[in-house]
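In what follows, every chain begins at residue 1, and chains take the letters A, B, ... in the order their sequences are listed.
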Amino acid sequence: MEKLSKTARIYLSIVFIILYAPIFYLIFYSFNSGGTMSSFEGFTLEHYAAVFNDTRLIVIVLNTVIVALLSALISTAIGVLGAIGIVFIRNRKMRNAVLSLNTILIVSPDVIIGASFLILFTMIGIKLGFASVLISHIAFSIPIVVIMVLPKLMEMSDSLIDAATDLGASKRDILTRVILPYIKPGIFAGFFLALTYSLDDFAVTFFVTGNGFATLSVEIYSMARAGITLTINALSALIFLVTLGLVLGYYFFNNRTRLTIRPPGGGN
Amino acid sequence: MPDSKHMEQQAMKNNRTNPFYLIPYYLWIVLFVIAPIALVLYFSFFDIAGNLTLDNYKNFFSSVYLRLTLSSFWYAFLITLISLLVAYPTAYWLTKTKHKQLWLLLIIIPSWINLLLKAYAFIGIFGLYGPANNLLASIGSERLQILFTDFSFIFVSVYIFIPFMVLPIFNSLDRINPALIDASRDLGASSWTTFTRVIFPLAINGVKAGIQVVFIPALSLFVITRLIAGNKVITLGTAIEQQFLVTQNWGMGSTIAVFLILFMIIIMMVTGEKGGTLNGKIK
Amino acid sequence: MKDLIRASLAIIVISGVLMYIVSLLEDTSSAGGGGTINVYNWGEYIDPELVSQFEEETGITVIYETFDSNEAMMTKIEQGGTTYDVAMPSEYAIEKMKESDLLHPIDLNKITNLENIDPYFLDLPFDPGNEYSIPYFWGTVGIAFNPSLLDGQTFESWDDLWDPTLEQEVILVDSAREVIGMGLNSLGYSLNSTDMDELREATDKLKTLGPNVKAIIGDEIVEMMRREEAAVALTWSGQAADMMWINENIDYSVPEEGSNLWFDNMIIPKTADNVDGAHEFINFMLDAEVAAQNADYVGYSTPNQAALELMDPEVTGDERFYPTEEMRERLEVYENLGLEMLGVYNELFLEFKMDMEK
């Protein structure tokens with residue numbers, strides 16, 4: 001492994017600083033006793049106390065996480081199978097058609113997706129709430145997963161499958177032993193992007209939610225009318241720290257176990 | 001395609017099982033892609049009073065909407081270009097770091113914090129008395145109006161799209177066999193030549209995927225246009241949102257959406273057809 | 001493959017645990033037992049303490065949800081799939097919902113506190129006899145400004161916004177009828193004009209305001225004015241009150257050419273599940289003490305006469321927010337111009353945004 005040049009380090013540092021600047025800004029003001037995100041008056045933890053006293057807010061956060069995790073998981077499963085299916089379509093025109101259909105959802109404006117899903121749900125008779133939100137999130141995450149997995153599948157060397165077939169592997173084996181391990185980074189990338197889309201989505205959820213079910217972004221959007229309270233800042237700070245902790249913890253735990261099993265440098 | 005024979009064999013082998021594991025995916029396409037498109041297309045032929053008409057299409061070619069489309073494309077182009085310029089070196093150097101997967105996750109994490117909140121943070125940061133202007137003031141410059149300008153709009157949009165651009169590029173760069181790069185160097189190629197002749201072509205799929213997931217969403221940004229650009233920048237997305245949520249003219253909103261879908265198909269053909277996402281096998 | 005399965009299982013287990021926690025939390029928060037009602041309101045448009053008080057007094061659990069525009073609210077109710085029991089739309093939306101048969105009639109016998117309401121706010125043209133709606137809050141559209149950032153400009157007339165010294169200082173609210181209406185008012189036309197020539201003239205005049213316009217935004221106006229990022233804003237009276245709450249420099253004025261007078265009323269959507277509960281809630285909100293506390297919290301003007309007597313006379317005597325009847329004469333209420341006209345207003349507003357002089 002070559003060392004990063006100085007330019008590279010400076011460049012990456014700047015990118016990271018900018019990426020995290022607004023988040024640290026939010027966190028900084030979560031300690032503000034002044035009550036707004038403009039002038040810092042004094043240190044307080046009252047906004048954190050407010051988060052834990054607000055059962056409704058906690059329920060909303062948990063709902064947001066549940067929807068994100070489940071929708072990312074289900075859409076990853078469907079998307080990966082779909083991507084494999086697309087690769088094996090023989091007819092090139094047909095394949096491009098499916099691919100275009102796939103991409104349409106990613107690029108459609110959220111408002112249209114939201115409005116058309118709303119019409120769809122009411123036509124089918126699904127009551128608005130958890131189920132409609134979950135289904136919508138799965139629906140708009142699937143194409144993302146496909147897009148993330150496809151390049152890996154395309155770059156996969158055919159000789160790999162050849163070899164497996166020659167060795168007498170069943171279709172099932174080829175899928176679970178050859179294809180899936182090979183495209184795993186794509187699968188994880190797809191999962192994380194799906195998670196991101198779900199956590200971030202406001203517009204679609206806004207249309208398809210109802211009967212008291214809310215996700216964090218919808219709640220924040222409606223709170224915006226009177227200016228966002230610093231309780232939300234405190235909440236974001238907590239969410240940020242927990243995610244960061246989980247990600248770091250998961251990464252290092254995984255890495256250590258991996259190192260003990262496999263010699264270093266064994267790739268992913 | 002040298003491997004087509006094999007692909008066909010593979011396809012035939014899989015044909016028997018395809019219906020099983022592909023049912024959810026095709027069901028999804030029918031329910032959540034085809035049905036909504038059909039609905040949008042259907043609505044686009046109705047005016048606000050519910051009469052069947054082509055007026056919406058006529059209206060789209062009026063000067064307001066055409067200019068709107070043009071300016072929207074211009075901004076989306078700038079946003080995509082700058083995102084690419086920022087994201088490519090980031091992805092490239094990230095693949096060279098020691099804990100590259102971890103750094104990649106760290107690029108993604110900021111996008112898990114709610115977009116609206118980050119937008120509000122940017123309102124504060126770019127405000128007249130915010131940190132950005134304090135910095136300017138400390139180096140003796142005048143306080144500038146940063147918020148509600150083209151600059152702030154493009155900056156924040158790029159900020160939002162960076163992770164979505166880095167991820168696919170990182171993935172394809174990461175798969176490049178280091179032996180190829182070594183070989184190129186051994187053959188006496190400069191690092192620039194190695195980059196343009198070996199690395200860039202090998203990672204082109206990632207770039208294309210990145211452009212796809214950034215360009216059209218950039219055409220339809222809408223919360224940012226209000227919060228950060230103060231509605232001085234209007235995108236097709238803003239127009240659609242207005243038609244659906246404010247005017248309740250679903251017909252006109254759908255018509256704009258139909259054009260957006262058309263643009264998207266064109267862009268996919270441009271980035272996808274010639275050795276693109278699917279046909280461009282790297283050999 | 002193994003780690004994929006392991007990761008999936010982990011996610012399912014985590015989601016299951018979280019769902020269990022949610023169900024526990026929801027149990028403790030809805031220990032009422034007297035049924036539930038779904039209230040659909042604007043964001044931050046009620047004192048949450050009052051909701052708890054209502055739950056304690058009646059045993060009814062309130063599920064509270066918010067919307068950010070009349071149109072979004074109407075879409076939700078119209079499409080079905082929801083069971084909101086009470087909502088608080090503005091007057092023109094009420095008229096529209098009535099036309100589309102989305103409203104449940106209100107049994108005025110059950111609203112015993114209706115006598116608290118100033119008769120001025122009852123029996124208005126958009127809902128004769130208050131068959132479907134009960135007043136909640138009201139207000140005006142005007143100009144909020146910060147004299148400490150200005151050189152003594154005043155805003156007696158809409159034309160004062162065109163003052164060349166106000167370059168990049170004016171924020172407009174992102175709403176077609178308010179902005180186009182301001183253009184119409186400044187030319188002496190009616191807010192409810194449907195005359196294309198007048199509308200065109202108003203739009204062309206608005207375009208010349210371009211150099212002064214800093215931004216066209218929504219509720220963020222309040223924060224912008226509080227932080228003194230801008231000196232002048234076209235906004236609603238309640239938002240102006242919100243600004244003043246934090247920044248005492250700010251003042252509010254309704255120009256003399258006239259402006260808009262608006263009402264937000266409580267209604268019961270046709271899709272309601274618990275009509276009795278909805279009546280109880282509406283009646284509760286009309287209680288003098290409740291309404292006074294709510295007006296204190298929200299900052300908008302209450303139509304509740306009995307509540308006014310309980311409130312700080314400094315607030316209720318403030319003619320900027322409680323204009324006298326004589327002042328209200330110059331104000332106009334929005335009429336429901338029909339979808340087509342609303343479309344025209346929005347097209348013109350879009351054109352204004354696109355063609356503002358830079």
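Ranked by heavy-atom pairs shorter than 4.5 Å toward chain B, the options C:G343, C:A230, C:A215 are led by C:A215.
When every heavy atom of B:Y120 is checked against every heavy atom of C:E220, the shortest pair comes out as OH-OE2, 3.1 Å. Taking both residues in full, the closest heavy atoms of C:Q168 and B:K232 are given as NE2-NZ, 3.2 Å, listed atom of the first, atom of the second, then distance. Here the closest heavy-atom approach between residue C:I216 and residue B:R226 is recorded as O-CG, 3.9 Å.
Around the OH atom of B:Y57, the shell of radius 6.0 Å holds more than 12 heavy atoms that belong to other residues, nucleotides or ligands.
Scored by the side-chain hydrogen bond (donor to acceptor under 3.5 Å, both in side chains) test, C:E198 finds C:S193 as partners (sequence neighbours excluded). C:W262 meets the side-chain hydrogen bond (donor to acceptor under 3.5 Å, both in side chains) test with no other residue; sequence neighbours excluded. For the salt bridge (charged side-chain N to carboxylate O under 4.0 Å, His left out) test, residues two or more places apart in sequence or in another chain that qualify with C:R227 are C:E223.
Atom CG of B:N231 is separated from atom CD1 of C:I171 by 12.0 Å, given to the nearest 0.5 angstrom.
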Checking C:N346 against B:N249 for the side-chain contact (heavy atoms from CB on, under 4.5 Å) test, could you report, in this order, the C-alpha distance in whole Å, the side-chain angles of both residues, the deciding distance, and whether it holds?
CA-CA 10 Å; C:N346 278 287; B:N249 187 348; over 6 Å; no
Evaluation steps, side-chain contact (heavy atoms from CB on, under 4.5 Å), between B:Y65 and C:M354
CA-CA 10 Å; B:Y65 285 102; C:M354 290 290 299; over 6 Å; no
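Within residues 125-133 of chain B, the residues approaching chain C closer than 4.5 Å by heavy atoms are, in numerical order, B:G127, B:L128, B:Y129.
Contacts of B:L147 with chain C are made by side-chain atoms alone, with heavy-atom separations under 4.5 Å and no backbone atom involved. Of the two parts of B:I234, only the side chain, counted from C-beta on, holds a non-hydrogen atom closer than 4.5 Å to a non-hydrogen atom of chain C. For C:K76, no part lies near chain B; criterion is any non-hydrogen pair under 4.5 Å. Heavy atoms of B:N59 lying under 4.5 Å from chain C belong exclusively to its side chain.
Residues C:D355 and B:R67 are in side-chain contact: their nearest non-hydrogen atoms beyond the backbone lie under 4.5 Å apart. Inter-residue side-chain proximity for B:D47 and C:E340 is flagged as unmet; no heavy-atom pair is nearer than 4.5 Å. A heavy-atom distance below 4.5 Å is found between the side chains of C:L350 and B:V64.
With hydrogens and angles left out, the side-chain atoms of B:Q243 and C:E347 include a donor and acceptor closer than 3.5 Å.
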